[in-house]
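Order of the sequence lines sets the chain letters (A, B, ...), proteins ahead of strands, with each chain counted from 1.
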There are 2 protein chains.
Amino acid sequence: MTVDRAGRASRATITTVARHVGVSVATVSRVMNGHPTVAPELIERVRAAAAELGYTASPTARSLVLGRTHTVAVVVPDLGNPFFQGILRGVARAADVEGYHVLVADTAEDVAAEPDKALRARGRCDAVVLVSPRLADDRLRDLLPDLGPAVVVNRRAPDGIVPSLHPDYRAGMAVLADHLADLGHRRLLYLAGPAGTFSDRERRAGLADVARARGLDLTVLPGGVTQDDGARAATAVLATDATAVLAFNDLVAMGLLARLREHGVVVPREVSVVGFDGIDLGAAAAPPLTTVRVPAEEIGAAAWRRLARLIDGDDAGDDPAAAQSFRPELVVRSSSAPPPTSPTDKEAS
Amino acid sequence: MTVDRAGRASRATITTVARHVGVSVATVSRVMNGHPTVAPELIERVRAAAAELGYTASPTARSLVLGRTHTVAVVVPDLGNPFFQGILRGVARAADVEGYHVLVADTAEDVAAEPDKALRARGRCDAVVLVSPRLADDRLRDLLPDLGPAVVVNRRAPDGIVPSLHPDYRAGMAVLADHLADLGHRRLLYLAGPAGTFSDRERRAGLADVARARGLDLTVLPGGVTQDDGARAATAVLATDATAVLAFNDLVAMGLLARLREHGVVVPREVSVVGFDGIDLGAAAAPPLTTVRVPAEEIGAAAWRRLARLIDGDDAGDDPAAAQSFRPELVVRSSSAPPPTSPTDKEAS
DNA sequence: TTGTAGGCGTTATCAC
DNA sequence: GTGATAACGCCTACAA
């Protein structure tokens with residue numbers, strides 16, 4: 001690398017190297033790309049020159065001519081959300097081992113801006129993994145075709161227009177509800193998430209399945225997605241006769257747990273609380289949080305794999321409409337226990 | 001946008017638009033870039049054609065000719081770490097408002113791989129924010145010049161070779177120690193972080209400052225950075241006669257808190273525990289965690305601003321060696337309280 | 001085996 | 001005001 005008059009580092013180009021060795025740029029290109037048709041002696045000299053000059057092919061120029069950026073975009077509503085972080089990390093690490101880079105776009109929960117941000121990100125990438133839980137279905141349907149190779153995560157693509165990957169929220173919730181029912185709970189309370197969302201709908205469905213099958217009493221209260229939402233819901237929860245509450249996610253559950261403790265209600269003796277997601281800090285909650293672990297990072301990695309196939313164009317054999325779903329795994333800790341058998345039970349009153 | 005024989009979407013280029021309107025590509029280019037020297041009538045027709053064809057300038061081609069990718073890289077050791085997440089989010093959001101994109105590289109805690117990953121990311125970006133706390137100083141010194149425009153976060157650059165931004169760990173720890181001392185604690189225990197690290201050294205320094213100034217007894221135990229590390233340290237902590245423990249960060253503190261609770265020791269009555277970072281979930285700890293909030297997102301945003309100036313080349317006036325430091329803010333919750341005044345005190349025994 | 005030359009999609013410098 | 005046209009740095013037929 002040399003330095004020009006402005007003092008700015010100016011990289012050596014393929015031409016620099018070619019001249020330095022006394023060959024054509026084509027030869028240098030071939031050597032750099034491991035083409036097998038170059039004389040061993042030359043490849044050595046070119047290598048040496050490249051090293052000496054600190055030459056590296058310009059990714060931008062390669063992208064232009066190759067039509068590939070070797071970059072994928074990950075579009076999420078909020079980098080502060082543990083689930084999205086897991087996804088991002090999963091695709092980042094998986095993509096990295098194949099020499100791919102990751103462009104990340106945080107839409108700051110601005111749903112309206114998502115299509116544009118996704119499109120703009122797409123411009124510099126070969127494909128995009130779109131995590132956009134709140135975007136209306138028809139907007140998504142409009143967006144997807146313009147996005148080119150893409151997968152959606154955390155929801156299903158309208159008409160299976162592109163592959164989708166998501167946790168099996170329904171099964172996850174069912175596992176949780178079954179766990180609670182096994183413990184003896186008959187009256188469950190669900191602290192709901194964002195209305196109309198795939199992840200909320202599916203959770204409700206899983207809950208309904210179990211409630212019906214086992215004759216449980218299910219009530220639903222608006223909850224939210226954050227710790228604060230959970231804390232705010234505490235009094236409403238207490239006003240209920242449910243013996244167990246299922247929060248939309250771990251954050252909500254932990255917020256609720258904290259506030260309940262302030263109110264002096266002891267979990268799980270008076271009421272059981274379970275979360276959803278399986279964030280690490282759930283283990284440090286008081287009491288440690290029973291939850292269901294969703295494999296966010298694994299989903300991210302799978303999303304990458306799907307994308308890789310789309311990019312390479314060998315979708316041969318796999319159904320683009322395929323929705324890949326990941327079953328959460330029950331993590332029993334001590335925030336769930338048998339219900340109190342107090343005289344103030346609904347039936348007894 | 002049209003579709004070629006392969007069925008792949010093939011974007012309209014500037015030439016497509018030019019032909020469609022019957023003008024030269026130069027004119028289209030001028031219109032797209034808002035150049036003022038185009039006839040109003042033409043600019044209208046070009047706009048219309050562009051819209052009709054769904055034309056958008058290829059970012060790659062622009063990058064090549066402009067020499068700017070309008071992208072910055074963020075290199076972090078682990079996307080799972082709340083502090084790094086905050087940084088990433090901060091630069092992502094700040095960069096976004098100026099039309100810049102963010103490439104993220106997670107080095108998976110593989111320190112040895114960091115220089116290479118950073119370099120590769122740099123290839124597709126205009127600048128990089130490097131968060132690499134464990135990289136040896138001399139390796140960093142070697143790396144930085146090859147990286148071009150860059151800032152380092154969470155440590156200081158050797159010889160102030162590039163700008164650096166970091167929390168004022170020293171002041172943060174001092175604030176915490178003072179808080180504890182004010183409460184009456186005389187024997188402090190520090191659960192240390194990664195040895196040799198800027199963030200650990202500075203914390204120790206802040207602690208030492210206060211210990212000296214106020215005649216405190218300070219002992220240091222190896223701790224770690226994760227929740228598990230904190231849990232593992234519990235018995236060692238108990239074997240100590242310290243009345244207050246300062247964890248390297250909130251994760252460690254919460255892990256410790258959880259384990260102490262299992263051991264039946266009640267915080268803060270028997271021992272006080274404080275964290276560092278100010279993660280949101282600290283509020284949901286039991287008891288809620290006293291800590292010091294480091295403005296990670298703000299640091300990220302500031303890092304972006306610094307980078308933007310470097311990219312634009314108007315470093316005029318600001319000292320590149322400047323280390324910008326951010327003072328953490330004390331967050332008092334209930335995991336800290338006056339020390340027990342029991343007869344088993346050291347002095348009394 | 002190696003070199004020549006065209007092209008990837010834009011921008012910018014010239015002429016006109 | 002508008003249009004050729006030369007870069008930008010690289011890859012890849014096609015020739016030699």
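- Listed for the B:R11 side chain is a donor-acceptor partner under 3.5 Å among the backbone atoms of B:G54.
- The residues A:K117 and B:D96 are annotated as salt-bridged, a charged nitrogen and a carboxylate oxygen being separated by less than 4.0 angstrom.
- An angle of 50°, rounded to 10°, separates the two end axes of the helix from C:dT1-D:dA16 to C:dC16-D:dG1, each defined over five pairs.
- To the nearest 0.5 Å, atom OG of residue B:S132 and atom CG of residue B:L143 are 8.0 Å apart.
- In 5' to 3' order, the nucleotides of DNA chain D bounding all contacts with chain B (an atom under 4.0 Å from a heavy atom) are D:dG1 to D:dG9.
- A:R155 places no side-chain N or O within donor-acceptor distance of the main-chain N or O of A:S164, the cut-off being under 3.5 Å.
- Applying the salt bridge (Lys or Arg N to Asp or Glu O under 4.0 Å) criterion to B:R124, with sequence neighbours excluded, gives no partner residue.
- For B:R141, the salt bridge (Lys or Arg N to Asp or Glu O under 4.0 Å) criterion is met by B:D159, not counting sequence neighbours.
- Taken residue by residue, residues 25-39 of chain A places heavy atoms nearer than 4.0 Å to DNA chain D at A:A26, A:S29, A:N33.
- A salt bridge (charged side-chain N to carboxylate O under 4.0 Å, His left out) check over residues 13-37 of chain A, counting only residues at least two apart or in different chains, returns nothing.
- Near DNA chain C, meaning a heavy atom under 4.0 Å away, the residues from residues 58-67 of chain A are A:L64, A:V65.
- Partners of A:Q85 according to the side-chain hydrogen bond (donor to acceptor under 3.5 Å, both in side chains) rule, which considers only residues two or more places apart in sequence or in another chain, are B:Q85.
- For an aromatic pair to be called close, the ring centres must be under 6.0 Å apart, and A:F326 with A:H166 fails this.
- Residues satisfying the salt bridge (Lys or Arg N to Asp or Glu O under 4.0 Å) test with A:R62, not counting sequence neighbours, are none.
- Side-chain contact check for A:L147 versus A:L144: some heavy-atom pair is nearer than 4.5 Å.
- Contact check for A:V72 versus A:V128: no side-chain heavy atoms found under the 4.5 Å cut-off.
- Separating the CZ atom in B:F198 from the CG atom in B:D137 is a distance of 10.5 Å, to the nearest 0.5 Å.
- Every residue meeting the salt bridge (Lys or Arg N to Asp or Glu O under 4.0 Å) condition with B:R93, not counting sequence neighbours, appears here in chain and number order: A:D78, A:D106.
- The side-chain hydrogen bond (donor to acceptor under 3.5 Å, both in side chains) check on B:S63 picks up nothing, with sequence neighbours excluded.
- Across all strands, A:T16 comes closer than 4.0 Å to no nucleic acid atom at all (heavy-atom distances).
- Interface limits on DNA chain C: the 5'-most and 3'-most nucleotides within less than 4.0 Å of chain A heavy atoms are C:dT1 to C:dG9.
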